[in-house]
Protein chains: 2
Amino acid sequence: MPHGYDKHAYEPFAVTVDLAVLTVRQGVLHVLLVERGQEPYAGRWALPGGFLLPDESAETAARRELAEETGLDDVCGLDLEQSRTYSEPGRDPRMRVVSVAFTALVPDPPEPRGGGDAARARWLPYGSVGPLAFDHDRILADAHDRVGARLENTHAATAFCPPEFTLGELQQVYEAVWGTALDRPNFRRKVLATPGFVEPVPGAARLTAGRGKPAALYRAGPAAALHPPLLRPSREGSPA
Amino acid sequence: MPHGYDKHAYEPFAVTVDLAVLTVRQGVLHVLLVERGQEPYAGRWALPGGFLLPDESAETAARRELAEETGLDDVCGLDLEQSRTYSEPGRDPRMRVVSVAFTALVPDPPEPRGGGDAARARWLPYGSVGPLAFDHDRILADAHDRVGARLENTHAATAFCPPEFTLGELQQVYEAVWGTALDRPNFRRKVLATPGFVEPVPGAARLTAGRGKPAALYRAGPAAALHPPLLRPSREGSPA
DNA sequence: CCTTTTATAGTCATCGAGACTATAAAAGGG
DNA sequence: CCCTTTTATAGTCTCGATGACTATAAAAGG
């Protein structure tokens, strides 16, 4: 907030929210994208988003847009996190737009309704489509980075799962987001040893994919942060 | 970016940047604050900041404001990171302002010049002054959280130090930001065992505080991220 | 010379985690 | 019904990271 507020001239900007809505389907990370109907970038895929209303916070606007685009009824419980704000002068060729980006993690999603003015909305595998409109490639990549880090330190992975899930499903989330395979017994040991990460659903089991032994079901635990964190295998440099 | 761009009405907003400029002085975390000269919140301390110019990105504006407020000449090399954007409708009583917050880590600082229109600018110990103007208490707390986490995963602590520093000085940074005491031999072992964190300055030593054995000098290493991270001692729940 | 202060070297035990093997419980095919 | 396949779960072994702690070195000050 500027102290010399009243002495300065200031320029008004358009403020929007952009959403990176992520899910894991069949062990593959997917993103919700909309197809642009008009110039600029007509025919290109873009992240859903929209303008802030006059008396909305960015968080409120993001949740409203999320409900409109996904058609989900209970948007309240969803994992929605502000990731970063993009304000480069040339990022929209038409006018000066400052965009607050959000990342939403949703469980097994319904097909998006092409709500409102959307030309077409689809779940697409992460990284499967060419360059997105505007600077949305970078926004999406930043969101992906943050989610990967959040899986290490929080139980955010449970946001990708239904209310009751197996440890195999939870592991698939980690593998899909990180792009690495994990050892199943070690993953299981680590998750169960972390207090508050998951809690068992007594006496419940589910056949995972039709074949094999039924897996026990778990719910998300009360712990927000994981101690110690669940670090991904040596992402860069030497594994020390 | 909204796809139904042209069909929507949108409201223009004022966009500003707010800066949490942090440093460590004598082992104590300090924040750069300015005293407001006018209503609202006249006489209260606030974070420095200002409006975006018409063709500036938020990053550029933040760096410009940083130079103006601190009087530092080489703002280019400073550690400046976007932290979060604040957009609650009532956060400024005069008008609708969306603020992009940044956190800057600076080494042993010069006294701030009360540059431009600033009533007064001072380095104050973190948490030593009462409620700040606007929502700056929360912005500052969020910045502090992020810096604490960044110390775990990156060599950001070196941004608080002069180009050549002792391991004791580096440890003081960690202790000041985290608010915990660390075991000196263990800290030393951990830092030196992390590849790329610091590299020794051959044959150089400095008397740390006048007394005691002179300490070897180190420079910041090339590694951006630390592997494995330097986790702070059991911050919550059980230490596992 | 002795005390104080700070830096640096090392020791020991414990815990986490990667790699791996073994067993249990289901489906499917003969 | 037996046998193979598939997946879940239990357990073992080893190594490395780290917390707690002790010991030595090199300076200043009395």
Side-chain angles (χ1 to χ4, degrees), chain A residues 26-27 151-153 161 164-175 178 180-195 197-198 200-218 226-235 237-240, chain B residues 26-27 151-153 161 164-175 178 180-195 197-198 200-218 226-235 237-240:
Chain A
Q26 319 290 347
L151 290 199
E152 292 188 327
N153 300 301
C161 298
E164 300 190 342
F165 51 86
T166 71
L167 293 186
E169 291 167 346
L170 188 66
Q171 181 177 347
Q172 277 198 336
V173 169
Y174 277 88
E175 294 179 331
W178 286 349
T180 60
L182 300 176
D183 180 79
R184 204 188 284 259
N186 289 342
F187 178 82
R188 172 189 191 75
R189 184 221 296 158
K190 170 68 184 173
V191 169
L192 295 180
T194 304
F197 193 174
V198 297
V201 179
R206 188 204 305 163
L207 291 174
T208 321
R211 281 205 292 271
K213 174 176 173 177
L217 288 176
Y218 294 84
L226 304 184
H227 288 281
L230 206 165
L231 298 176
R232 75 189 91 181
S234 66
R235 51 185 140 167
S238 53
Chain B
Q26 319 290 349
L151 290 198
E152 291 189 327
N153 300 301
C161 298
E164 299 189 344
F165 51 87
T166 70
L167 294 187
E169 292 166 347
L170 188 66
Q171 181 177 348
Q172 276 198 336
V173 169
Y174 276 89
E175 294 179 331
W178 286 349
T180 60
L182 299 176
D183 180 80
R184 205 189 284 261
N186 289 341
F187 179 82
R188 172 189 192 76
R189 184 221 296 160
K190 171 66 184 175
V191 169
L192 295 180
T194 304
F197 193 175
V198 298
V201 179
R206 187 205 305 165
L207 290 175
T208 321
R211 281 205 291 270
K213 175 176 172 176
L217 289 177
Y218 294 84
L226 303 184
H227 288 280
L230 206 164
L231 299 177
R232 76 189 88 180
S234 66
R235 52 186 137 166
S238 52

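What's counted below: heavy atoms across the whole structure, side chains too, no hydrogens, waters or symmetry copies. Here the structure is a predicted model, which means the values were calculated and not measured. Residue numbering restarts at 1 for every chain, and letters A, B, ... go by the order of the sequence lines.
- Computed from coordinates, the A:F187 CZ to C:dA19 P distance equals 16 Å when rounded to whole Å.
- Spacing between atom CD of A:E169 and atom P of D:dT7 amounts to 13 Å, rounded to whole angstrom units.
- Picking from D:dA20, D:dA26, D:dT9 the nucleotide with the shortest atom distance to the side chain of B:K213 gives D:dA26.
- When distances run from any side-chain atom of B:P214 to the nucleotides D:dG19, D:dA27, C:dT21, the shortest one goes to D:dA27.
- The shortest side-chain heavy-atom distance between A:P233 and A:L182 falls under the 4.5 Å cut-off.
- Judged by distance alone, with hydrogens and angles left aside, the side-chain atoms of A:Y218 form no donor-acceptor pair with the main-chain N or O of A:L167 at under 3.5 Å.
- Between A:R184 and the phosphate of D:dT7, there is no side-chain N or O to OP1/OP2 separation shorter than 4.0 Å.
- Residue A:R189 places its side chain closer to C:dA19 than to any other of D:dA8, C:dT8, C:dA19.
- Comparing C:dT8, C:dA19, D:dA10 by their closest approach to the side chain of A:N186 singles out C:dA19.
- Following rounding to the nearest Å, A:L226 (CG) and C:dG16 (P) show an atom-to-atom distance of 14 Å.
- Under the Watson-Crick and G-U wobble criteria, each requiring two contacts below 3.5 Å, nucleotide D:dG19 is paired to C:dC12.
- As a whole-Å value, the separation of A:D183 CG from D:dA8 P is 13 Å.
- Taking each heavy atom of A:G168 and A:R184 in turn, the nearest pair found is CA-NH1, 3.6 Å.
- Among C:dA17, D:dT18, D:dT9, the nucleotide with an atom closest to any side-chain atom of B:K190 is D:dT18.
- Atoms NE2 (B:H227) and P (C:dG18) sit 14 Å apart, rounded to a whole Å.
- Base pairing of D:dA25: its partner is C:dT6, meeting the Watson-Crick or G-U wobble criterion (both donor-acceptor distances under 3.5 Å).
- In this structure, B:E175 contributes its side chain and B:G27 its backbone to no donor-acceptor pair below 3.5 Å.
- Between A:Q171 atom CD and C:dG18 atom P the separation is 12 Å, expressed in whole Å.
- Two residues are said to be in side-chain contact when any heavy atoms from C-beta on lie closer than 4.5 Å; B:F165 and B:Q172 fail this criterion.
- To the nearest angstrom, P of D:dA8 lies 14 Å from CG of A:L182.
- In this entry the distance linking CG of B:L192 with P of D:dA17 reads 14 Å, nearest Å.
- Between D:dA8, D:dA17, D:dG11, one nucleotide has an atom nearer to the side chain of A:P185 than all others, and that is D:dG11.
- Remark: D:dG30 base-pairs with C:dC1; criterion is Watson-Crick or G-U wobble with both hydrogen-bond distances under 3.5 Å.
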